[in-house]
Structure formats: C-alpha cells, structure tokens
Amino acid sequence: MRSPTQDEPDGADDTGGEPRRRTGHRRRLRLGILVLASALLLGALPAFFGMRTLSRDPVFGTLDELGVPGWATVETVDNVSGSRWCLQDCRLRERTVESDRAPQETTQVYEQALRAQGWRPWKVTRCPEQPAKGSYTCWRRDELTLDLWVREPTCAAPPASGDPAVPPATPVPPAAGECTGSLVSVKVRNAIDDERTRPQPSTDPSLTGEDPFPTITDDPLGSPTPSPS
C-alpha cells in the first residue's frame with residue numbers, strides 16, 4: 001500500500017464523495033415533493049367535500065331519506081331559490097315527484113314517511129293559499145315548514161299535425177289507460193320566512209275599530225276653513 005504523500009491535497013480520496021452528495025440531494029428533493037403532494041391532497045379533499053356540502057342543500061338530503069317506496073319516486077325534479085342565510089330572501093326548496101300509483105295511495109305513503117321522520121301535521125289557515133284539487137296538507141318540524149300536494153297528473157293530448165304545441169286553456173280529459181299515477185309537489189320553507197307562522201289579520205268587525213285614515217274626497221284641498229266672524 002502507498003502512504004499519502006505531500007503531493008496529494010487534503011481531503012481527497014477515491015471513495016466517490018461527490019456522487020454520494022448528489023444522491024443525497026436527489027433523495028431530499030423527492031422527499032420534499034412527496035410531502036408537498038401529500039399536503040395538497042389532504043387539503044384538497046376536505047375542501048372539495050366542503051364545497052359539495054355547501055352546494056347541496058341539506059333539506060333535499062332529508063327528503064331523499066323519506067322512507068317511500070320506489071314507485072312513489074319515479075322521477076324527481078328539484079328547484080331551489082333564495083339564500084340559505086336569508087339574505088334578502090330566505091331559501092325556498094321545491095321538489096316535484098311522479099308516482100306510478102293513485103293519489104290516495106301515494107298520499108298515504110308520503111304522510112307516513114313524514115311522520116316517521118319527525119314532521120307533524122300543521123293545521124293553519126291558508127293551507128293551501130289557493131284552492132287546489134287533490135290532497136294538500138301542511139307540516140312543521142323544528143325551524144321548517146312543508147307543504148305536500150298530491151293530485152292526479154295533468155295529461156294533455158298530443159297536438160295534431162300542423163297545430164302548435166301549446167297547452168289548451170282547459171285540461172283535456174285523459175284517455176282511458178293512458179294517464180295514470182299521480183303528481184307530488186313538496187315545498188319546504190324556513191318557518192321564520194313563512195307568513196303563516198305569524199299572527200294573521202282578523203276580519204271581525206268588532207276588532208276593526210275606527211278607521212285611522214281620513215276619507216279622501218274629490219277636492220284636493222278639502223273643505224274650506226271658516227274664517228272668524
């Protein structure tokens with residue numbers, strides 16, 4: 001073996017120190033990239049599910065959990081309007097469902113499902129607010145009110161050749177065996193935004209009292225004030 005001489009620089013050897021340093025640098029770089037990717041992944045998933053939860057109204061999730069059979073939820077259409085935090089207008093949730101069976105049987109399964117989920121019948125005036133055919137009932141649970149309307153489907157005859165496809169002013173009676181089932185409408189509102197939860201005005205004359213507003217005449221200046229004599 002050859003002993004080191006004065007001609008060899010200090011720290012120089014044949015063990016490959018430079019390749020070892022490069023390998024360690026690449027290893028640290030890969031570890032840093034892995035940690036960064038894990039942090040992004042762990043932050044992106046909660047953000048994704050959080051935005052998904054905010055975009056999906058939880059009331060519709062509650063309606064999805066109603067224990068109604070499949071024939072009573074053949075086709076479902078949801079619509080929402082207003083603000084969840086009641087900014088200007090509170091949120092209104094509307095759902096329209098088609099059922100394969102008659103309105104009476106459909107009404108029974110929906111009312112049973114609502115009771116099982118904690119909804120209670122709400123006997124209130126203006127339920128419905130306008131006359132409606134079929135079964136129209138109102139319900140309350142916690143801070144929500146619910147209107148349930150079950151009726152026969154609206155079936156119109158197809159337009160003849162060359163006629164515009166405009167629904168007629170009066171419903172066309174369905175042909176036998178061509179229009180069956182029923183149509184279900186569900187409307188859910190915040191109780192604080194439902195006017196029916198507030199005191200309703202009475203039409204009892206004994207509670208009316210004297211009209212605080214003066215009678216308006218044709219003379220814009222009213223009767224002349226008599227001058228002192």
Side-chain angles (χ1 to χ4, degrees), residues 57-84 86 89-159 165-204:
D57 195 297
V59 173
F60 287 121
T62 301
L63 297 179
D64 293 337
E65 296 173 358
L66 287 176
V68 294
W71 55 261
T73 56
V74 177
E75 184 175 352
T76 301
V77 178
D78 290 337
N79 187 28
V80 63
S81 59
S83 169
R84 184 181 302 178
C86 290
D89 295 326
C90 289
R91 176 154 291 191
L92 171 64
R93 303 93 169 169
E94 296 177 283
R95 167 169 289 189
T96 303
V97 185
E98 293 183 6
S99 173
D100 281 341
R101 301 193 184 180
Q104 183 177 1
E105 187 176 1
T106 302
T107 300
Q108 292 177 354
V109 297
Y110 269 93
E111 290 184 352
Q112 292 174 359
L114 288 173
R115 286 189 175 92
Q117 206 177 61
W119 293 89
R120 293 295 175 259
W122 184 30
K123 304 297 182 182
V124 64
T125 56
R126 297 171 58 191
C127 177
E129 299 182 3
Q130 300 292 335
K133 296 181 179 180
S135 173
Y136 198 108
T137 54
C138 297
W139 305 74
R140 283 199 67 172
R141 193 187 77 169
D142 300 332
E143 76 281 1
L144 299 175
T145 66
L146 183 146
D147 290 30
L148 174 66
W149 183 22
V150 185
R151 71 275 189 194
E152 294 182 353
T154 303
C155 302
V166 178
T170 57
V172 178
E178 293 183 359
C179 185
T180 59
S182 56
L183 191 62
V184 182
S185 293
V186 180
K187 181 167 59 176
V188 183
R189 287 178 284 189
N190 293 62
I192 193 175
D193 191 51
D194 196 330
E195 296 180 354
R196 297 170 298 179
T197 61
R198 306 166 190 168
Q200 300 299 311
S202 175
T203 57
D204 188 350

Colleague: Can you tell me if D57 uses its side chain to pair, donor with acceptor, with the backbone of V59 under 3.5 Å?
Modeller: yes

Colleague: By side chain to side chain contact (heavy atoms under 4.5 Å, CB included), which residues pair with E94, not counting sequence neighbours?
Modeller: N79, L92, K187

Colleague: Is it true that, when you exclude E129 itself, more than 12 heavy atoms of the residues, nucleotides or ligands shown sit nearer than 6.0 Å to its CD?
Modeller: yes

Colleague: Between D64 and R95, is there a salt bridge with N-O shorter than 4.0 Å?
Modeller: yes

Colleague: Working to the nearest 0.5 angstrom, can you tell me the gap between D194 CG and C90 SG?
Modeller: 10.5 Å

Colleague: How far does CG of N190 sit from OG1 of T145, to the nearest 0.5 angstrom?
Modeller: 8.0 Å

Colleague: Would you give me the side-chain donor-acceptor pairs under 3.5 Å for residues 112-123, sequence neighbours excluded?
Modeller:
| unit_1 | atom_1 | unit_2 | atom_2 | d |
| --- | --- | --- | --- | --- |
| Q117 | NE2 | T62 | O | 3.0 |
| R120 | NH1 | R115 | O | 3.2 |

Colleague: Can you confirm whether S182 sits close enough to Q104 that some side-chain heavy atom of one is under 4.5 Å from a side-chain heavy atom of the other?
Modeller: no

Colleague: Which atom pairs, one a donor and one an acceptor, fall under 3.5 Å between side chains of residues 67-77 and the rest of the protein, sequence neighbours left out?
Modeller:
none

Colleague: Answer yes or no: is there a side-chain heavy-atom contact under 4.5 Å between L146 and L63?
Modeller: yes

Colleague: Taking only residues two or more places apart in sequence, or in another chain, which ones meet R141 in a salt bridge (charged side-chain N to carboxylate O under 4.0 Å, His left out)?
Modeller: none

Colleague: Are any side-chain N or O atoms of R198 and backbone N or O atoms of I192, one a donor and one an acceptor, separated by less than 3.5 Å?
Modeller: yes

Colleague: For a side-chain contact (heavy atoms from CB on, under 4.5 Å) with W139, tell me which candidate from D147, L148, V188 qualifies.
Modeller: L148

Colleague: Are Y136 and R151 packed together at the side-chain level, in the sense that at least one heavy-atom pair is separated by less than 4.5 angstrom?
Modeller: no

Colleague: Is there a side-chain contact between R140 and T197, using heavy atoms and a 4.5 Å cut-off?
Modeller: yes

Colleague: List for me each residue that meets salt bridge (charged side-chain N to carboxylate O under 4.0 Å, His left out) alongside E152, sequence neighbours excluded, and say none if there are none.
Modeller: none

Colleague: CZ of R91 to CG of L144: how many Å apart, nearest 0.5 Å?
Modeller: 12.0 Å

Colleague: State, to 0.1 Å, how close V150 and P103 come at their nearest heavy-atom pair, and which atoms those are.
Modeller: CG1-O, 3.6 Å

Colleague: According to salt bridge (Lys or Arg N to Asp or Glu O under 4.0 Å), does anything in residues 97-108 pair up with another residue at least two apart or in another chain? List the pairs.
Modeller: R101-E105

